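What's counted below: heavy atoms across the whole structure, side chains too, no hydrogens, waters or symmetry copies. Since this is a predicted model, take the numbers as computed values, not measurements.
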Amino acid sequence: MAKKHDYGNKAVIYARVSSREQEKGGYSIPAQIELLRDYAEKNNLEIVEIFKEAETARKAGRKQFNAMLKFFDKNPTVQNLLVEKTDRLQRNFKDYVTLDDYKHVAIHFVKEGEIISENATRSQKLTHGLKVLLAKDYADNLSEEVRKGQAQKARENIYPSTAPLGYLNADNGNGKRIIIVDEARAPYIKRAFELYATGSYSELEICNLLYEEGLRSKKGCKVSVKTFERMFKNIFYIGKFEYSGYICENAQHEAIIDEHTFNIIQERLSGQSKAKTHDEQFPYQGLMRCPICGGVLSPELKKGKYVYYHCNDYHKKGCKAKSYVNQNTIDTAIVNILKSFKITKSILDDVLRSVKEVHNAKNEYREHTKSEINRQISVLERRISQAYNDKLDGKITEVFWKKKTKPWHEEISKLENQRTRINKADEEFYNMCEMLLKFCKNAHDMYLNGTVEEKRFITSTVISNITYHDKNLDIELFPVFYTLSDLIKEEDKKLNTLEPPESIDFTNKKDPQEGQFSNGGTDEARTRDLLRDRQTL
């Protein structure tokens, strides 16, 4: 049995009301503090600090909330947090995830009679872990503004990031960012490719030669050898680009190098006649890494039906030759893990309760955020309308009106996009919940018969890290799923417990679990080690 963590007897109180009006009323915060002081006295806890706040918990980044977290960081011996109930502490998704990082702190929800800590029951840990999982997924969807904007830009054939050497990011005159050829450096880049294609020059020799001829980086420094190494592999220079798994064959920017020269170089680098591209989606694409160099393992289709993942060994650590793994091998390993996830009704009830609680919190957060967005849009629209009336009345000029209202229109557009993202995140939240419930009801069959999308969902949701090198496939789960695995084992043990025959003497028998794990540690750590060992091939 795992040794329980000692959280000591020092504690802080966090009391909150949702408005200044409630604070002035004088009934809420004092009542919370009195309740929590009584609890501390009964449980021999010493209150060392009190944090009081009159601000909605639906808004992340509260002043006293953040001050409390800093206090925990600076005072590691204080390991207890007392709050009245869950909604006094966290009612937005960022806070769920933030507080999950403070595993050294036991959170006492006094009115609910629950303590979330490393000593909590597996059922409590599962419920809390699922809330964090769902909250993080929702928060990630809301924070995708830049990534989605970049993805849309990529679909419009415009590279959505910083232009590589030989190109410049520029404005097309209509406020739209594009990429143009850097006329000062492009001739050097073209010469670098031509020299390397001859096979008579190394990257280092080309680096030194072009430096002597006048090539400098955008910061005025010597271009590094590694920059040339990356450059010679980059399809950007032939008018294409790859971004987040998407390959654009007809990019907006102009090619500096012809494909014939580029392909000669690829032949020299890897023995391939051209850069490989594919449109097919793979279940583990972008999810596996090489433990030697840290690079992402790339999928490759062989003979039209066999899929292998391998490291490109960009860091030249000798890991490429031993990194090839068949997709079927990964499938088998994950299926073996999922076989153990046979969810009982009681566990499913915990999952459903977690989903309902996060769903309610999500709704409150969504309504509050959308209401604030609508308010800001109304303010800006009134300003624009008033300014237009001033223009019609001759109080301001046409030029001034356009200059004044342009940033307001841009801000309205941003707010409308944010509102759209909230609606989209809401939709994706429900999809996530449905997939999670489907997974809990029958993870094994869902995976075996699932689409590529469903397999990616299971893999990215359940598994935190997959690495492969030299026949060693290492799979790590997110903590909540180790808890789930342990909880299932507990349920199985209860169902399968039988009275031993009288003829067997157990007097001198040790608990089999005591000798089962030689490495010690918590139940969660031991379960993790077992699962990991099962997947080592």
What is the distance from atom [atom1] of [X] to atom [atom2] of [Y], rounded to the nearest 0.5 Å?
| X | Y | atom1 | atom2 | answer |
| --- | --- | --- | --- | --- |
| Met288 | Ile466 | CE | CD1 | 5.5 Å |
| Glu229 | Ile206 | CD | CD1 | 11.0 Å |
| Thr467 | Ile292 | OG1 | CD1 | 9.0 Å |
| Leu297 | Ile330 | CG | CD1 | 7.5 Å |
| Ile257 | Ile235 | CD1 | CD1 | 14.0 Å |
| Glu242 | Asn234 | CD | CG | 9.5 Å |

Is any side-chain heavy atom of [Y] closer than 4.5 Å to one of [X]?
| X | Y | value |
| --- | --- | --- |
| Tyr447 | Thr459 | yes |
| Leu477 | Leu484 | no |
| Leu165 | Val223 | yes |

Which side chain to side chain donor-acceptor pair (under 3.5 Å) pairs, counting each pair once, include a residue from residues 207-220, with sequence neighbours left out?
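Found Arg191-Glu213, Asn208-Lys222.
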Could you go step by step and tell me if Tyr309 and Gln327 meet the side chain to side chain donor-acceptor pair (under 3.5 Å) rule?
CA-CA 7 Å; Tyr309 291 79; Gln327 183 168 288; 2.9 Å; yes
So, using ring-ring contact (aromatic ring centres under 6.0 Å, His included) as the criterion, who are the partners of Tyr388 when residues are at least two apart?
Trp401
Just jot down the ring-ring contact (aromatic ring centres under 6.0 Å, His included) partners of Tyr167, sequence neighbours excluded, or say none.
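By the ring-ring contact (aromatic ring centres under 6.0 Å, His included) rule, Tyr167 matches Phe236, Tyr237, His253.
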Apply side-chain contact (heavy atoms from CB on, under 4.5 Å) to the pair Ile334 and Lys455, showing each step before the final yes or no.
CA-CA 10 Å; Ile334 293 177; Lys455 286 186 176 182; over 6 Å; no
Please report the C-alpha distance between Lys402 and Lys406 in whole Å, then the side-chain angles of each, then the deciding distance to 0.1 Å, and finally whether the side-chain contact (heavy atoms from CB on, under 4.5 Å) criterion is met.
CA-CA 6 Å; Lys402 287 183 177 179; Lys406 183 180 177 182; over 6 Å; no
Qualifying ring pair (Phe, Tyr, Trp, His ring centres under 6.0 Å) pairs with a residue from residues 214-233, counting only residues at least two apart or across chains
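Output for this query lists Phe193-Phe232, Tyr196-Phe232.
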Go through the steps to decide whether Asn326 and Thr329 satisfy the test side chain to side chain donor-acceptor pair (under 3.5 Å), and finish with yes or no.
CA-CA 5 Å; Asn326 191 302; Thr329 301; 5.1 Å; no
Quick one: do Ile265 and Phe262 satisfy side-chain contact (heavy atoms from CB on, under 4.5 Å)? Show the steps, please.
CA-CA 5 Å; Ile265 289 175; Phe262 185 81; 5.7 Å; no
Other residues, nucleotides and ligands only: do more than 12 of their heavy atoms fall within 6.0 Å of CD on Glu416?
yes
Hydrogens and angles aside, do Tyr102 and Asp73 bring a side-chain donor and acceptor to less than 3.5 Å of each other?
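A donor-acceptor contact under 3.5 Å links the two side chains.
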Check the pair Leu195 / Leu209 against side-chain contact (heavy atoms from CB on, under 4.5 Å), numbers first and verdict last.
CA-CA 10 Å; Leu195 289 171; Leu209 177 61; 3.8 Å; yes
Could you label the plane-to-plane angle of the Tyr430 and His359 rings as parallel, tilted or perpendicular, counting under 30° as parallel and over 60° as perpendicular?
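The rings of Tyr430 and His359 sit tilted, inter-plane angle from 30° to 60°.
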Side-chain donor/acceptor of Arg456 to backbone N/O of Phe282, under 3.5 Å
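Present.
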Return yes if some donor-acceptor pair links the side-chain N/O of Asn169 with the main-chain N/O of Ser161 below 3.5 Å, else return no.
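Side chain of Asn169 to backbone of Ser161, a donor-acceptor pair under 3.5 Å: yes, one is there.
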The criterion is side chain to side chain contact (heavy atoms under 4.5 Å, CB included); which residues satisfy it with Glu205, sequence neighbours excluded?
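Partners of Glu205 by the side chain to side chain contact (heavy atoms under 4.5 Å, CB included) criterion, ordered by chain and then number, come out as Tyr201, Ser202.
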Among residues at least two apart in sequence or on other chains, which ones pass side chain to side chain contact (heavy atoms under 4.5 Å, CB included) with Lys370?
Arg366, Arg419, Ile422, Asn423
Could you tell me which non-hydrogen atom of Ala387 sits nearest to which non-hydrogen atom of Thr405, and how far apart they are?
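Closest approach of Ala387 to Thr405, heavy atoms only: CB-CG2, 4.1 Å.
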Could you report the tightest heavy-atom contact between Ala186 and Gly166, atom names first, then the distance?
CB-O, 4.2 Å
